[in-house]
Amino acid sequence: MPFRIAQIRLVSSHPEVYEPCDDSFALVDALLADRINLVKHQPALCMEVGCGSGYVITSLALILESGSVGAQYLATDINPHAVRVTQETLEAHGVHAELISTNIASGLEQRLTGMIDVMVVNPPYVPTPEDEVGCEGIVSAWAGGENGRSVIDKILPIADNLLSEKGWLYMVTLAANSPLQICLKMREKGYASRIVLQRSTEEESLHIIKFWRDADI
Amino acid sequence: MRLLTHNMLSSNMKGVSNGFPLRIEVEKVVEKQVDFNPDFLKNMFSKVHWKALADASRIMGYAELPEEADRSMLDSDDFLRKFHHALLELHLEEGALVCPETGRRFPVNKGIPNMLLHEDEV
């Protein structure tokens with residue numbers, strides 16, 4: 001039986017919001033590939049940083065609901081148009097996530113420490129000039145600065161702070177981001193990692209990496 | 001915005017030492033039914049700042065939560081139902097969250113709080 005994920009025809013849009021693309025599809029495919037583990041994981045709180053169109057957080061909610069997991073969902077984006085579009089996408093699929101317009105997790109870092117069981121991130125990973133990072137509107141969806149790592153390197157310590165003891169992080173990376181080096185960086189913080197899915201398109205080579213805390217590291 | 005989210009948000013203004021809890025300014029509250037999940041509530045109980053939740057729910061027009069709560073109350077279905085309603089079913093649809101130290105207002109429109117700061121506030 002195919003599991004329900006967000007349907008493209010129900011995904012809302014706005015000229016200033018990144019539409020679901022190969023990277024979004026790869027991340028959802030990775031979540032589907034890990035579906036049995038996700039359901040067994042029984043997350044209470046799930047979060048997406050940079051929710052864009054809402055395609056990924058909606059799919060995550062649908063995947064977990066089909067496994068009867070009663071989790072709550074939280075999603076942030078620095079682009080206020082994106083959180084509105086995400087709200088419309090969630091509503092069109094009959095699922096709910098709490099939405100916050102904010103930079104990564106600003107405002108949540110104090111109280112949400114150690115509480116997130118599943119975090120999903122499709123960061124702005126495209127190598128760009130540094131001054132494009134965090135620009136208003138749709139540019140914030142892809143502009144990743146030097147090696148596409150500027151925002152990723154800001155997100156990683158925040159994810160480490162927010163993830164629970166059993167927390168998992170799924171993140172999209174590009175070959176140009178040096179995924180191996182990201183894994184080593186997270187290893188220093190005590191995380192094991194695995195490439196859940198690899199996909200090469202004409203334009204880019206994507207890796208979806210899953211991180212979890214491992215006491216043996 | 002649910003009160004669960006309010007309970008997890010603090011003022012992120014530069015220089016603020018205690019930005020929690022944010023004061024709620026209510027313009028419009030809506031109630032939305034959510035599936036009752038006792039396991040989730042029991043899991044969240046130790047993580048929720050009770051006084052902040054009780055105060056916030058009162059401001060939102062729901063005065064059924066006790067001032068103080070402890071784990072033994074989780075055995076009561078009546079208590080769990082009230083906790084559930086306050087935490088998940090009351091939504092601040094329009095209004096604002098106000099920093100307790102600086103008075104900076106973070107608007108909430110269509111149920112979405114805007115915590116974005118201006119350059120000189122970061």
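Below, read A as the first sequence line, B as the second, and so on, with proteins coming before strands; counting in each chain starts at 1.
- Rounded to the nearest 0.5 angstrom, L117(B) CG and T102(A) OG1 are separated by 7.0 Å.
- For chain A, the option among L9(B), L88(B), N43(B), L4(B) with the highest count of heavy-atom pairs below 4.5 Å is L9(B).
- Both the backbone and the side chain of S10(B) have a heavy atom closer than 4.5 Å to some heavy atom of chain A.
- Atom-to-atom distance recorded for F40(B):CZ and Q72(A):CD is 4.5 Å, nearest 0.5 angstrom.
- The two residues M115(A) and M44(B) come nearest to each other via the heavy atoms CE-CE, 3.5 Å.
- Counting heavy-atom neighbours within 6.0 Å of E146(A) CD, excluding the residue itself, gives a total of 12 or less.
- For Q7(A), the CD atom counts as densely surrounded, since its 6.0 Å shell holds more than 12 non-hydrogen atoms of other residues, nucleotides or ligands.
- The backbone N or O of K47(B) sits less than 3.5 Å from a side-chain atom of R111(A), completing a donor-acceptor pair.
- Among the residues in residues 91-109 of chain B, those with a non-hydrogen atom closer than 4.5 angstrom to a non-hydrogen atom of chain A are H91(B), N109(B).
- Counted within 6.0 Å of CG on D35(B), heavy atoms from surrounding residues, nucleotides or ligands total 12 or fewer; the atom is thus considered open.
- A 6.0 Å sphere centred on NZ of K28(B) holds no more than 12 heavy atoms belonging to other residues, nucleotides or ligands.
- For L22(B), no part lies under 4.5 angstrom from a heavy atom of chain A.
- Counting heavy-atom neighbours within 6.0 Å of E19(A) CD, excluding the residue itself, gives a total of 12 or less.
- Atom CD1 of I100(A) is separated from atom CG of L116(B) by 11.0 Å, given to the nearest 0.5 angstrom.
- Residue V16(B) does not touch chain A at all, counting heavy-atom pairs closer than 4.5 Å.
- At most 12 non-hydrogen atoms from other residues, nucleotides or ligands lie less than 6.0 angstrom from CZ of R187(A).
- In this structure a side-chain-to-backbone donor-acceptor pair under 3.5 Å is present from E98(A) to R2(B).
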Should S106(A) and N12(B) be marked as a side chain to side chain donor-acceptor pair (under 3.5 Å) after you check the CA-CA gap, both sets of side-chain angles, and the distance that decides it?
-> CA-CA 6 Å; S106(A) 182; N12(B) 48 358; 2.7 Å; yes

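- Annotation for K189(A): atom NZ counts as buried by contact number, over 12 foreign heavy atoms lying within 6.0 Å.
- Rounded to the nearest 0.5 Å, atoms CE (M8(B)) and CG (L162(A)) are 11.5 Å apart.
- In this structure, the portions of L108(A) lying under 4.5 Å from any heavy atom of chain B include both its backbone and its side chain.
- Heavy atoms of Q42(A) lying under 4.5 Å from chain B are absent altogether.
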